[in-house]
Amino acid sequence: VGCHACFVACKEENQVAPGVKWNHLERLEHPAEEVIEYFRVSCMHCENPACMKVCPVKAVYFGPHGEVLIDQKKCIGCKGCLAACPYGAPKFSDPNKQSYYGDLKPLGGRSASPAWTTRIPGKAEHCTLCTHRTSQGRLPACVEVCSTKALQLVDYDNPTDAQKALIAKAQIINKDAGTSPKIRFISSITDFGAMKVKA
Ligand code: SF4
């Protein structure tokens, strides 16, 4: 419904720095059908990630659920992944800002900021699929907050019958890019395969 709750939830959960967004909403108008569609764009967590192939220091790796993650301690900030990614997913934060508040001060009276809310300035970053939450059996923040359940987290290796039906209908954006994104989209109107979108 275009409420942007997923965008806000990601910002809040991960304390993504000002000027950097890990996800955003795209809007599509279909006048003939009198339909407006919104869809969330982020790192697509590809099965065959272009970013991983070009990283000279092997800073890009698969997390425990197949999510594509960046080891910022290894990243040298060369921006090769930015050039290689067909979805424009990797971002670079302000070299002077490590989190939303731009310093290491703990938030909300905590003794230390959680690791997933701070990043090393000037290194690549993007959606982690909230790996810190999924590792505890929780949903990514964007999925949890979606009031219409437009966002669903699906276990491709062990889908329920309902999830199998979703997978059968799901499309990938920019299919010709050849990276096999795991983030997929359902629409009866839009041909996502031919679409080019930047995260
Ligand atoms: Fe890598 Fe881009 Fe695919 Fe994300 S969308 S896994 S950054 S190639």
Side-chain angles (χ1 to χ4, degrees), residues 6-7 9-11 13-17 19-28 38-95 116 118-135 139-143 150-157 166-167 170-187 190-199:
C6 52
F7 171 77
C10 175
K11 275 278 190 183
E13 175 72 18
N14 297 293
Q15 293 294 310
V16 179
V20 179
K21 53 185 189 317
W22 285 4
N23 74 33
H24 76 271
L25 281 185
E26 290 280 329
R27 173 188 162 106
L28 289 176
Y38 297 93
F39 59 99
R40 173 199 167 284
V41 182
S42 70
C43 170
M44 300 290 171
H45 297 285
C46 303
E47 287 172 10
N48 185 25
C51 56
M52 194 180 283
K53 281 189 191 149
V54 301
C55 181
V57 292
K58 299 198 183 324
V60 184
Y61 65 103
F62 287 116
H65 298 102
E67 64 274 47
V68 177
L69 302 174
I70 299 168
D71 182 342
Q72 289 202 315
K73 292 198 183 84
K74 287 186 181 172
C75 175
I76 54 173
C78 70
K79 300 193 178 179
C81 55
L82 194 65
C85 173
Y87 303 97
K91 310 295 179 193
F92 283 77
S93 59
D94 183 323
W116 63 88
T118 59
R119 280 157 293 279
I120 303 172
K123 307 286 181 117
E125 61 181 79
H126 61 54
C127 162
T128 63
L129 215 63
C130 283
T131 190
H132 60 283
R133 291 171 62 104
T134 54
S135 296
L139 292 171
C142 58
V143 177
L151 297 177
Q152 301 269 329
L153 185 71
V154 171
D155 181 351
Y156 285 111
D157 291 333
L166 292 178
I167 293 168
Q171 307 175 50
I172 63 174
I173 288 181
N174 192 0
K175 202 170 181 183
D176 288 348
T179 60
S180 300
K182 298 189 204 79
I183 303 284
R184 299 180 188 172
F185 303 85
I186 294 175
S187 169
T190 300
D191 176 7
F192 284 104
M195 185 182 288
K196 295 203 173 26
V197 147
K198 293 292 180 189

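Numbering of residues begins at 1 and proceeds along the displayed sequence. In listed order, ligands and their atoms are each counted from 1.
- Not one N/O/S atom of His45, from backbone or side chain, sits under 2.8 Å from atom 4 (Fe) of ligand 1.
- Distance alone, capped at 3.5 Å, is enough to place a donor-acceptor pair between the Lys91 side chain and the Ala199 backbone.
- Of all protein heavy atoms, the one closest to atom 4 (Fe) of ligand 1 is Cys43 SG, 2.4 Å.
- For atom 3 (Fe) of ligand 1, the nearest protein heavy atom (residue, atom name, distance) is Cys46 SG, 2.3 Å.
- At a heavy-atom distance under 4.0 Å, only side-chain atoms of Val68, from C-beta outward, approach ligand 1.
- Closest protein heavy atom to atom 5 (S) of ligand 1: Met44 N, 3.2 Å.
- Side-chain atoms of Lys11 come within 3.5 Å of backbone N or O of Ala17 as a donor-acceptor pair.
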**OP:** Just do the side chain to side chain contact (heavy atoms under 4.5 Å, CB included) check on Tyr156 and Arg184 with the steps written out, would you?
**Re:** CA-CA 11 Å; Tyr156 285 111; Arg184 299 180 188 172; 3.4 Å; yes
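- Among the backbone and side-chain atoms of Cys51, an N, O or S atom lies under 2.8 Å from atom 1 (Fe) of ligand 1.
- Within ligand 1, counting atoms from 1 as listed, the ones closer than 4.0 Å to a heavy atom of Tyr87 are 5 (S).
- By heavy-atom distance, the residue among Ser180, Ala50, Ser42 lying nearest atom 8 (S) of ligand 1 is Ala50.
- Among protein heavy atoms, atom 2 (Fe) of ligand 1 sits closest to Cys85 SG, 2.3 Å.
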